[in-house]
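Here is the structure we will look at, set down as structure tokens.
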Protein chains: 2
Amino acid sequence: MVCPVPTASDFERMLRGASLRVTAPRIAVLSAVHSHPHADTDSIIGVVRQNLGAVSHQAVYDVLRALTGAGLLRRIEPQGSVARYEARVGDNHHHVVCRSCGSIADVDCAVGAAPCLDASDDHGFVIDEAEVIYWGTCPECTTAAKSS
Amino acid sequence: MVCPVPTASDFERMLRGASLRVTAPRIAVLSAVHSHPHADTDSIIGVVRQNLGAVSHQAVYDVLRALTGAGLLRRIEPQGSVARYEARVGDNHHHVVCRSCGSIADVDCAVGAAPCLDASDDHGFVIDEAEVIYWGTCPECTTAAKSS
DNA sequence: TCGTTAACTTGACTCACTCCAGAAAAGACG
DNA sequence: CGTCTTTTCTGGAGTGAGTCAAGTTAACGA
């Protein structure tokens, strides 16, 4: 992480760096994802509207796609969950997902560079990334299950 | 794999082994998934209808869920794709997905038993499975990209 | 400041999937 | 074999994330 609490001008710089136009919805979406990691689209729309007032859901979808395509955001989509977005990009980290409540936490990649794993037999595929999802139970759900 | 070409009676045994009732749609779905690995629900419905005639999509969804819950099928759901099902269960293998055409191939797990990876920091989660998805380009799309 | 072009708004629409209520079939038991 | 109970199947309506399309607005370079 370069800066712990990015400001609007940081987001502006990121957008310009990706040769994207700087607009209020884009800054608001970037800010929302930075402050709410692993948020789904609906939550992001809610946060953006709190900051900006009326913003169409379509705009948020467009912005999310543009920023994901530009590499400023990363889209994650564990099974049985809607799409979620996070701002940590470029460090090839992975995720652990709670089977019970669906909460997500980051897990640093043990290797660091993509692809961090080699396939035993790649079937001729040219592999550029290995995505790892750990499935388990989060601390809250573990204690809740024990006490019940 | 116990048998390379399972027959209807094999499927019947599998169903009884999971204490599930033996019905024609279930056998047809099992057979369809065995002969079309990584097929999506729609394709499965098509194959089942070729064999049985009219079967409601609801029945296929129910059967797929019942068989998945019983551990006879495995549901996989890579990003940007609809749910797919496969018959290889219990060997904790992984998948490689083509970014270009979406095709999926199996990759044997290098370790063998779940979870085959340890997280560097598990945040207190109790992890029982590590799912790996390799992203890349399949041989067909690689040659197609070169020749264009 | 102006024109171009990308971005946003609005609203309808798609598609995978689910829910529901009633009809039909499978398995258990006498 | 015949009846009863439970599970499954049918058909249709419904849900919700996400997309498409046409028109308007606003960013940015000249």
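Worth saying up front: this structure is predicted, and the values here are computed from it rather than measured. All values below come from the heavy atoms of this structure, side chains included, with hydrogens, waters and symmetry mates left out. Reminder, nothing fancy here: chain letters follow the sequence lines and each chain counts from 1.
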Hey, quick one: are [X] and [Y] part of the same hydrophobic cluster, counting side-chain heavy atoms closer than 4.5 Å, chains of contacts allowed?
X      : Y      : value
B:I133 : B:I127 : no
B:I44  : B:L52  : yes
B:V63  : B:V22  : yes

Bend across the helix from C:dT1-D:dA30 to C:dG30-D:dC1, to 10°, with axes taken over 5 pairs at each end?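 So the angle between the two local helix axes works out to 40°.
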Polar side-chain contact B:R26-D:dT8 base: donor and acceptor under 3.5 Å: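 Absent.
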For B:H57 and B:D42, does a side-chain donor sit closer than 3.5 Å to a side-chain acceptor?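 Absent: no donor and acceptor within the cut-off.
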Output the distance between atom CZ (A:F125) and atom CD (B:E140), rounded to the nearest 0.5 Å.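 Between atom CZ of A:F125 and atom CD of B:E140 there are 7.5 Å.
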For the atom pair CG (B:L15) and CD1 (B:I27), what is the distance rounded to the nearest 0.5 Å?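 Answer for the CG-CD1 pair, B:L15 versus B:I27, is 6.0 Å.
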Name the closest nucleotide to the [X] side chain, picking from [options].
X     : options                : value
A:P25 : D:dC9, C:dG27, C:dC8   : C:dC8
A:V82 : D:dA17, C:dC17, C:dA6  : D:dA17
B:T41 : C:dG27, C:dC17, D:dG18 : C:dC17

Answer yes or no: is there an ion pair linking B:E86 with B:R84, defined by an N-O contact shorter than 4.0 Å?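 So B:E86 does not pair with B:R84 through a salt bridge.
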Within residues 49-62 of chain B, find the residues that approach DNA chain D with a heavy atom at under 4.0 Å, and present them sorted by residue number.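 Contacting residues: B:A54, B:V55, B:S56, B:Q58, B:A59.
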Using a heavy-atom cut-off of under 4.0 Å over every strand shown, decide if B:A66 touches base, sugar-phosphate, or nothing.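 Counting heavy atoms under 4.0 Å across all strands, no contact is made by B:A66.
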A:L20 has an atom CG; how far is it from atom C1' of C:dC8, in whole Å?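 Rounding to the nearest Å, CG of A:L20 and C1' of C:dC8 are 15 Å apart.
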Round to a whole Å and report the spacing from CG of B:L15 to P of D:dT8.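 After rounding, the reported distance stands at 11 Å.
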For B:R75 and A:A24, find the nucleotide of DNA chain C closest to each by heavy atoms; which residue's nucleotide sits nearer the 5' end?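 This one resolves to A:A24.
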A:A66 to A:R26 - nearest heavy-atom pair and separation: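 Heavy atoms only, the tightest pair is CB-NH2, 4.1 Å.
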